[in-house]
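Everything below concerns the one structure shown next.
Only this structure's heavy atoms are used, side chains among them; waters, hydrogens and symmetry mates stay out. Letters A, B, ... mirror the listed sequences (proteins, then strands); counts begin at 1.
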2 protein chains.
Amino acid sequence: MNHFLTKQRAILKVCLISLIERKKMYGLQYLKELKETFKPYGYVPKHSEIYKALHELTAEGIIYRIKKRRCPDREGFQEIIIYQFTEDGLEKGRVYKQMVRSDLERSLGIIRKVLKDNY
Amino acid sequence: MNHFLTKQRAILKVCLISLIERKKMYGLQYLKELKETFKPYGYVPKHSEIYKALHELTAEGIIYRIKKRRCPDREGFQEIIIYQFTEDGLEKGRVYKQMVRSDLERSLGIIRKVLKDNY
DNA sequence: AAATGAACACCCTGTTCATTG
DNA sequence: CAATGAACAGGGTGTTCATTT
């Protein structure tokens with residue numbers, strides 16, 4: 001409550017939680033999905049941010065890492081890291097999302113206010 | 001078009017342009033107004049940001065500075081700086097505001113998208 | 001080349017300090 | 001103490017580099 005608009009990191013974490021709820025993927029796949037999601041808005045998330053967000057969610061005990069080797073395609077055995085909810089991760093994730101939600105609505109309020117007052 | 005949500009600085013500059021359109025004031029008065037404006041949203045602008053925004057608008061030739069001494073109240077002769085539009089400042093200001101406007105709408109789109117997709 | 005991660009640098013913003021009246 | 005401003009510090013984000021397969 002002591003800052004301006006919602007931070008990118010928080011938004012990415014919310015998006016990642018939702019994505020993990022739906023399908024287990026690995027880092028760069030999430031990146032690709034999110035790039036598609038935000039392409040219409042001229043926002044292109046970077047791979048380092050995705051990783052940092054995933055690492056934070058891991059450190060917070062919401063998800064955990066599973067190392068795997070990709071099915072032996074033509075491309076060889078690439079090591080990837082799949083993310084899964086911990087025991088109470090789903091619940092913790094919901095709580096986190098709710099926190100960010102109110103911050104998003106606050107941000108929405110700020111932007112609407114600016115648009116209303118200045119245009 | 002290569003970033004995330006609209007930056008604080010840009011929003012403050014837009015607000016300041018609008019305020020200068022209405023009434024000539026000095027830095028800390030703008031600060032006080034803007035604190036009031038955004039109080040309901042838990043956002044408290046800082047004095048240094050206001051000054052930086054005013055300095056940028058000055059450097060961009062949108063406004064210029066007039067040094068004055070405040071009417072001799074009980075408090076003595078405080079030196080203040082009033083801001084005024086330059087010759088083409090009003091027009092330039094409008095152009096700047098329009099630029100930020102589209103960025104604000106882009107940001108609005110991002111936040112709405114996140115709220116829609118994740119909740 | 002794909003995937004992960006760390007290191008580094010840059011930019012934005014907040015806190016603090018300085019000066020003047 | 002009010003007003004302005006600069007200097008400095010911290011945090012968030014992007015770019016680059018390193019490692020592995």
Side-chain angles (χ1 to χ4, degrees), chain A residues 1-13 16 24-35 38 42-59 63-83 100 103 107 110, chain B residues 1-13 16 24-35 38 42-59 63-83 100 103 107 110:
Chain A
M1 267 298 198
N2 42 358
H3 61 280
F4 191 52
L5 301 181
T6 307
K7 295 281 178 293
Q8 177 184 190
R9 178 80 47 86
I11 289 182
L12 287 181
K13 281 164 79 175
L16 286 168
K24 321 298 167 213
M25 295 188 284
Y26 59 92
L28 288 196
Q29 275 181 319
Y30 291 128
L31 176 65
K32 205 179 156 214
E33 289 250 347
L34 292 173
K35 276 184 174 170
F38 293 110
Y43 163 51
V44 182
K46 307 297 178 292
H47 85 277
S48 52
E49 272 303 307
I50 302 294
Y51 285 126
K52 283 175 200 165
L54 287 168
H55 295 167
E56 278 192 20
L57 290 172
T58 305
I63 56 178
Y64 69 96
R65 302 152 52 91
I66 311 169
K67 288 190 183 182
K68 281 200 178 165
R69 293 188 182 282
R70 207 152 71 170
C71 317
D73 297 16
R74 309 135 191 68
E75 300 134 73
F77 292 71
Q78 179 71 42
E79 187 180 60
I80 58 178
I81 292 167
I82 301 287
Y83 292 91
V100 177
D103 196 63
S107 298
I110 290 178
Chain B
M1 268 299 199
N2 42 357
H3 60 279
F4 192 50
L5 301 181
T6 308
K7 295 281 177 294
Q8 178 184 190
R9 179 79 48 87
I11 289 181
L12 287 180
K13 281 164 80 174
L16 286 168
K24 321 299 167 214
M25 295 188 283
Y26 59 90
L28 289 196
Q29 276 181 318
Y30 292 128
L31 176 64
K32 206 179 154 213
E33 289 251 348
L34 292 173
K35 276 185 175 171
F38 292 111
Y43 163 50
V44 181
K46 308 297 178 292
H47 86 276
S48 52
E49 271 304 306
I50 302 293
Y51 285 126
K52 282 175 201 164
L54 287 169
H55 296 166
E56 277 192 22
L57 290 172
T58 305
I63 55 179
Y64 70 96
R65 303 150 51 90
I66 310 169
K67 289 190 185 182
K68 280 200 178 166
R69 294 187 182 282
R70 206 152 70 171
C71 317
D73 297 16
R74 307 130 192 73
E75 302 134 72
F77 293 71
Q78 179 71 43
E79 185 178 63
I80 57 177
I81 293 167
I82 302 287
Y83 292 90
V100 178
D103 196 61
S107 299
I110 290 178

Can you say whether a donor on the side chain of B:Lys52 sits under 3.5 Å from an acceptor on the base of C:dG14, or the other way round? yes
Between the base of D:dG11 and the side chain of A:Lys7, is one N or O donor paired with an acceptor at under 3.5 angstrom? no
Residue pair A:Ile82/B:Thr6 against DNA chain C: nearer the 5' end by closest nucleotide is A:Ile82
In whole Å, what is the span from the NE2 atom of B:His47 to the P atom of D:dA2? 13 Å
Can you tell me which nucleotide in D:dT13, C:dA6, D:dG5 comes closest to the side chain of A:Arg9? D:dT13
Length of the line joining A:Ile81:CD1 and C:dA2:P, which is rounded to integer Å: 18 Å
Rounded interatomic separation in angstrom, taking CD from B:Glu56 and P from D:dT4: 18 Å
Just the rounded figure in Å: distance from C1' of D:dT15 to NE2 of B:His3. 18 Å
What are the two closest heavy atoms between A:Tyr30 and A:Leu54, and how far apart are they? CD1-CD1, 4.4 Å
Below 4.0 Å: OP1/OP2 of C:dG5 and any side-chain N or O of A:His55: yes
Just how far, in rounded Å, is C1' of C:dA3 from NZ of A:Lys68? 16 Å
Gap between atoms OH and P, on A:Tyr26 and C:dA2 respectively (whole Å): 10 Å
For C:dG5 and A:Tyr51 - does any side-chain N or O of the residue sit under 4.0 Å from the phosphate oxygens OP1/OP2? no
B:Gln8 side chain near C:dG14 phosphate (N/O to OP1/OP2, under 4.0 Å): yes
Nearest to the side chain of B:Ile80 - D:dT4, D:dT13, C:dT4? D:dT4
Separation of D:dG5 C1' from B:Ile50 CD1 (nearest whole Å): 14 Å
What's the closest nucleotide to the B:Glu49 side chain, out of C:dA6, C:dT15, C:dT13? C:dT13
